[in-house]
Amino acid sequence: MSGQARMTLGDKTLDLPVLDGSIGPQVVDIRKLYGQTGAFTYDPGFTSTASCQSAITYIDGDEGTLLHRGYPIDQLAEKSTFLEVAYLLTKGELPTKTQLDEYSYTITRHTMVHEQLLHLYRGFRRDAHPMAIMCGVVGALSAFYHDSTDIDDPHQRMVASHRLIAKMPTIAAMAYKYSIGQPFIYPDNSLSYTGNFLRMTFGVPAEDYVVDPVIERAMDRIFILHADHEQNASTSTVRLAGSSGANPFACIAAGIACLWGPAHGGANEAALNMLREIGTVDRIPEFIARAKDKNDPFRLMGFGHRVYKNYDPRAKVMQQTANEVLAKLGVSDPIFDVARELERIALSDEYFVEKKLYPNVDFYSGIILSAIGFPTSMFTVLFALARTVGWVAQWNEMIGDPEQKIGRPRQLYTGAPRRDYVGIDKR
Ligand code: CMC
């Protein structure tokens, strides 16, 4: 605690403790506010509210900084691997070589799913959105892995965490295979986490699948860039669901449902669809004008962020990865030219400059994923796969937090005051 904030409400004066994080803004502790004044605070969208304390991820939106356990995202994207970042996020420190080998071994030994789960897929229509399948199948894991649903047992929590991180690529690849009518491909534990996912997605039983190291590295980097992002909507959903004591599989399914929305994880799909709709560079001004028009609900997808008021550091790495992947695959996608030009025009336009709207992580990711061969409907699934690491880390941190309580916001009631029931014949 570094001081106090004095608040006066009517004839009451209250001194509220001010808390200091290791870095970042001061936080006024209002926990006693209601008890001592009978008043609530009002903060729709939590724009000024810290919902928890966390030691996992730090974002400075004005600087455009993203740190995982203190390490900058660009360093992790360049030098680390997704599984190493998973270790870092879930356990707090970078692993030694032995620790990473053991962790990779454990994760790879959990990649298979219960055979009965395959039947669940067959209950979905072939044209089901893979995110709909993900919500259902991940929630259903709690019906298959009873021995890791006791949240009060640290060992069971750890096993559930490993299972979720390990099985997500299998479940995601199966959602894709089901949608295109191809047989499910079982995991191959001799491959890397990401190589295995690529094989389960693009391999077929009739042929050997050779993992392209450039694509494997690009995909791994995309996973790193999506691994965690502090108290975003889906992570807060996971924490809120978990605060009631719900099992981890149910909590992660709740996170997946939240991620699906176009303002959150669905934006990468929406961004690519938008770029395709724009189609050619000469049509950009028309779309910029629509984005600025107050009477038009259209927004530039992949632009703007609640926290970043500077360039999203993930978008920089993503743009570079897009260059590498397109060069490697020999793809010259006109959509990439549209994206670069749109970014250039938007960043010099007064409206976007004034509102501090910069490209976010989703702006370039769709171009890369599309070049690799993923249909747009799979984009958010890939986000969910990677973000599972963050969800699991944040969920575990919450369960272990002695200050954790069931999440239960209050409200500013604007409905009718008390009134008596009127019989239907008198209405
Ligand atoms: N295009 C045009 N105008 C925009 C955009 C945009 N993409 N984003 C924000 N604005 C305007 C908005 O109209 C508002 O203007 P005014 O103050 O005149 O009413 C102002 O900027 C502030 O917007 P806001 O909606 O109050 O800001 P927010 O923090 O609530 O929303 C956001 C953040 C990400 C939902 C929003 O920027 C957005 O809808 N972006 C497009 C969707 C997108 O790319 N989402 C991915 C986010 S990054 C990945 C993730 O977290 O999942």
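The chain is numbered in sequence order, starting from 1. Order of listing sets the numbers, starting from 1, for every ligand and every atom in it.
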Q. Are Asp293 and Arg290 within salt-bridge range, i.e. N to O under 4.0 Å?
A. no
Q) Is it the case that Lys355 places NZ or CZ above or below the six-membered ring of Tyr351, under 6.0 angstrom from the centre and within 45 degrees of the axis? A) yes
Q.
List the residues meeting salt bridge (Lys or Arg N to Asp or Glu O under 4.0 Å) with Arg157, not counting sequence neighbours, and say none if there are none.
A. none
Contact table ligand 1 N or O to protein N or O, d under 3.5 Å:
from, atom 1, to, atom 2, distance (Å)
ligand 1, 1 (N), Leu300, N, 3.1
ligand 1, 3 (N), Tyr351, OH, 3.1
ligand 1, 7 (N), Leu300, O, 2.7
ligand 1, 7 (N), Phe303, O, 3.0
ligand 1, 13 (O), Arg299, NH2, 3.4
ligand 1, 18 (O), Lys294, NZ, 2.5
ligand 1, 18 (O), Lys355, NZ, 2.9
ligand 1, 25 (O), Arg299, NH1, 3.0
ligand 1, 25 (O), Arg299, NH2, 2.9
ligand 1, 29 (O), Arg306, NE, 2.8
ligand 1, 30 (O), Arg306, NH2, 3.0
ligand 1, 39 (O), Arg299, NH1, 2.9
ligand 1, 40 (N), Phe303, O, 2.9
ligand 1, 44 (O), Gly302, N, 2.8
ligand 1, 44 (O), Asn360, ND2, 2.9
ligand 1, 45 (N), Ala263, O, 3.2
ligand 1, 52 (O), His264, O, 3.1
ligand 1, 52 (O), His264, ND1, 2.6

Q.
Using the side-chain hydrogen bond (donor to acceptor under 3.5 Å, both in side chains) criterion, which residues pair with Arg126? Sequence neighbours excluded.
A. none
For residues 74-84, tabulate all N or O donor-acceptor pairs below 3.5 Å that involve a side-chain atom, not counting sequence neighbours.
from, atom 1, to, atom 2, distance (Å)
Ser80, OG, Glu84, OE1, 2.5
Thr81, OG1, Glu84, N, 3.2

Q) Out of curiosity, Ser234 OG to Phe383 CZ, how far, rounded to the nearest 0.5 Å? A) 6.5 Å
